[in-house]
Amino acid sequence: MTQYQHVTADTSVYRDGTIKLHGPEGFEGMRKAGQLAARILDEMAARVQPGVTTEELDRVVREMTLDGGAVPATLGYRGYTHSCCISINHVVCHGIPSDKRLKDGDIVNIDVTPLLDGWHGDTSRMFLVGDVPLKAKKLVDVTYECLMAGITQVRPGARLGDIGAAIQKIAESRRYGVVRDFCGHGLGRLFHDAPEVVHAARAGTGPELKAGMFMTIEPMINLGRAHVKLLNDGWTAVTRDKSLSAQFEHSIGITEDGAELFTKSPTGLDKPPYI
Ligand code: MF3
Ligand code: CO
Ligand code: CO
């Protein structure tokens with residue numbers, strides 16, 4: 001049985017398995033955190049270039065986050081020591097910023113989560129480095145289409161499984177693999193909270209969606225098979241078959257008639273090409 005809880009100042013910070021239902025104050029907090037996150041990714045669009053190192057990008061993310069009055073939620077999270085995740089080509093997610101330089105033809109995901117006034121804005125986008133092969137661009141386009149198709153399912157009365165079903169249908173019709181090992185998640189005052197938002201599911205299954213729920217949708221779609229493995233650093237997830245992988249993520253809130261996208265780009269840079 002799914003349990004829901006209208007949050008109060010006292011209950012909203014506990015991870016107790018309930019799905020939290022937020023009021024106007026929560027929406028306002030998430031809007032601010034989400035918009036800071038979106039502005040940081042907007043800035044990345046200009047900075048993702050051949051030759052830049054991922055730790056330089058991480059430094060810019062950290063500085064913009066702090067300048068915005070927030071802290072990077074990933075910094076110190078379960079021993080993670082960077083301000084964002086940067087996942088290149090066959091890296092599925094949780095790529096660690098390093099002295100590695102981006103090169104022409106790479107596809108890159110940057111995932112940021114500023115924690116602003118107690119609220120988490122969790123979002124990621126794909127970036128194309130220089131000239132990218134058509135099949136990689138297609139993967140990126142379809143992955144964005146998957147995210148938005150998932151979001152389109154969101155409204156009170158729908159079921160959580162409707163989201164994954166919409167995503168899986170699009171991805172598998174192209175013979176792409178939908179990653180099962182990582183999910184979207186509830187969030188708010190907590191970074192990762194109930195429910196788990198799976199990206200492959202059956203329509204009409206799972207908990208009912210209700211106004212006031214906050215969650216991320218963040219499909220990871222592989223050009224090859226769905227299977228991933230974790231590298232020895234304990235973080236970096238890669239495709240087992242070394243095929244390319246793409247991901248987009250939005251943080252959303254459920255309203256009376258659909259979804260509010262907290263992390264939508266204020267300047268229209270939601271997906272490449274960013275011109
Ligand atoms: N931002 C990621 C997510 O979408 C989580 C990153 S946790 C980290 O849930 F520690 F790897 F940074
Ligand atoms: Co997330
Ligand atoms: Co994220």
Side-chain angles (χ1 to χ4, degrees), residues 15 19-20 30 33-42 44 54-55 57-62 64-65 70-88 91-98 108-116 119-127 143-144 146-147 150-151 154 160 163-164 167 178-199 213-221 228-238 245-253 259 261-265 270-271:
R15 182 160 183 164
I19 297 179
K20 298 183 178 81
M30 288 299 285
Q35 282 303 291
L36 174 58
R39 279 201 288 113
I40 294 167
L41 291 185
D42 283 4
M44 292 297 114
T54 53
E55 66 197 3
L57 298 173
D58 183 69
R59 180 180 52 79
V60 174
V61 169
R62 183 167 55 256
M64 283 193 75
T65 305
V71 292
T74 56
L75 207 51
Y77 179 81
R78 298 181 178 208
Y80 193 81
T81 57
H82 291 82
S83 300
C84 64
C85 298
I86 304 187
S87 304
I88 308 171
V91 179
V92 172
C93 64
H94 302 164
I96 303 173
S98 72
V108 184
N109 177 276
I110 304 181
D111 189 342
V112 302
T113 311
L115 169 58
L116 179 63
W119 298 98
H120 291 83
D122 187 5
T123 184
S124 80
R125 296 179 204 154
M126 294 303 295
F127 299 84
T143 303
Y144 183 77
C146 285
L147 169 61
I151 292 173
V154 173
L160 194 61
I163 298 170
I167 292 168
V178 180
V179 171
R180 310 298 207 273
D181 304 67
F182 300 94
C183 305
H185 47 92
L187 85 171
R189 291 197 174 277
L190 291 167
F191 191 174
H192 294 110
D193 200 356
E196 273 192 4
V197 182
V198 301
H199 302 113
M213 287 173 60
F214 296 163
M215 64 175 72
T216 72
I217 303 179
E218 47 181 301
M220 286 140 275
I221 308 294
V228 313
K229 70 174 185 193
L230 206 59
L231 298 188
N232 286 333
D233 59 26
W235 285 105
T236 314
V238 300
S245 186
Q247 178 179 31
F248 286 87
E249 174 177 27
H250 272 312
S251 294
I252 67 171
L261 278 59
F262 297 129
T263 48
K264 196 166 173 45
S265 167
D270 288 293
K271 64 155 182 168

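Counting starts at 1 for both ligands and their atoms, in listed order.
- Between Gln247 and Cys93 the shortest side-chain heavy-atom distance falls below 4.5 Å.
- The shortest side-chain heavy-atom distance between Met30 and Leu187 falls under the 4.5 Å cut-off.
- Scanning for salt bridge (charged side-chain N to carboxylate O under 4.0 Å, His left out) contacts around Asp58 gives Arg62, with sequence neighbours left out.
- Ring centroids of His192 and Tyr77 are separated by less than 6.0 Å, placing the two rings close together.
- Between Ile163 and Val154, some side-chain heavy-atom pair lies under the 4.5 Å cut-off.
- Partners of Lys229 according to the salt bridge (charged side-chain N to carboxylate O under 4.0 Å, His left out) rule, which considers only residues two or more places apart in sequence or in another chain, do not exist here.
- At a cut-off of 2.8 Å, His185 is counted among the residues with an N, O or S atom near the Co ion (ligand 2).
- Side-chain contact between Glu218 and Val197: absent, with no pair of heavy atoms (C-beta onward) separated by less than 4.5 Å.
- For Phe182 and His199, the ring centers sit 6.0 Å or farther from each other.
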Could you list each N/O atom of ligand 1 together with any protein N/O atom closer than 3.5 Å, one pair per line with the distance?
from     : atom 1 : to     : atom 2 : distance (Å)
ligand 1 : 1 (N)  : Asp111 : OD1    : 3.1
ligand 1 : 1 (N)  : Asp111 : OD2    : 3.2
ligand 1 : 1 (N)  : Asp122 : OD1    : 3.2
ligand 1 : 4 (O)  : Asp111 : OD2    : 3.2
ligand 1 : 4 (O)  : Asp122 : OD1    : 3.4
ligand 1 : 4 (O)  : Asp122 : OD2    : 3.1
ligand 1 : 4 (O)  : Glu218 : OE1    : 2.9
ligand 1 : 4 (O)  : Glu218 : OE2    : 3.3
ligand 1 : 4 (O)  : Glu249 : OE1    : 3.0
ligand 1 : 4 (O)  : Glu249 : OE2    : 3.1
ligand 1 : 9 (O)  : Asp122 : OD2    : 3.4
ligand 1 : 9 (O)  : His185 : NE2    : 3.1
ligand 1 : 9 (O)  : His192 : NE2    : 2.7

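- In this structure the side chain of Ile217 reaches within 4.5 angstrom of the side chain of Ile167, judged on heavy atoms.
- Inside a sphere of radius 2.8 Å centred on the Co ion (ligand 3), the protein N/O/S atoms present are Asp111 OD1, Asp111 OD2, Asp122 OD1, Glu249 OE1.
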Open item on the list: Ile86 vs Asn109, test: side-chain contact (heavy atoms from CB on, under 4.5 Å). Steps then yes/no.
Closed with: CA-CA 6 Å; Ile86 304 187; Asn109 177 276; over 6 Å; no
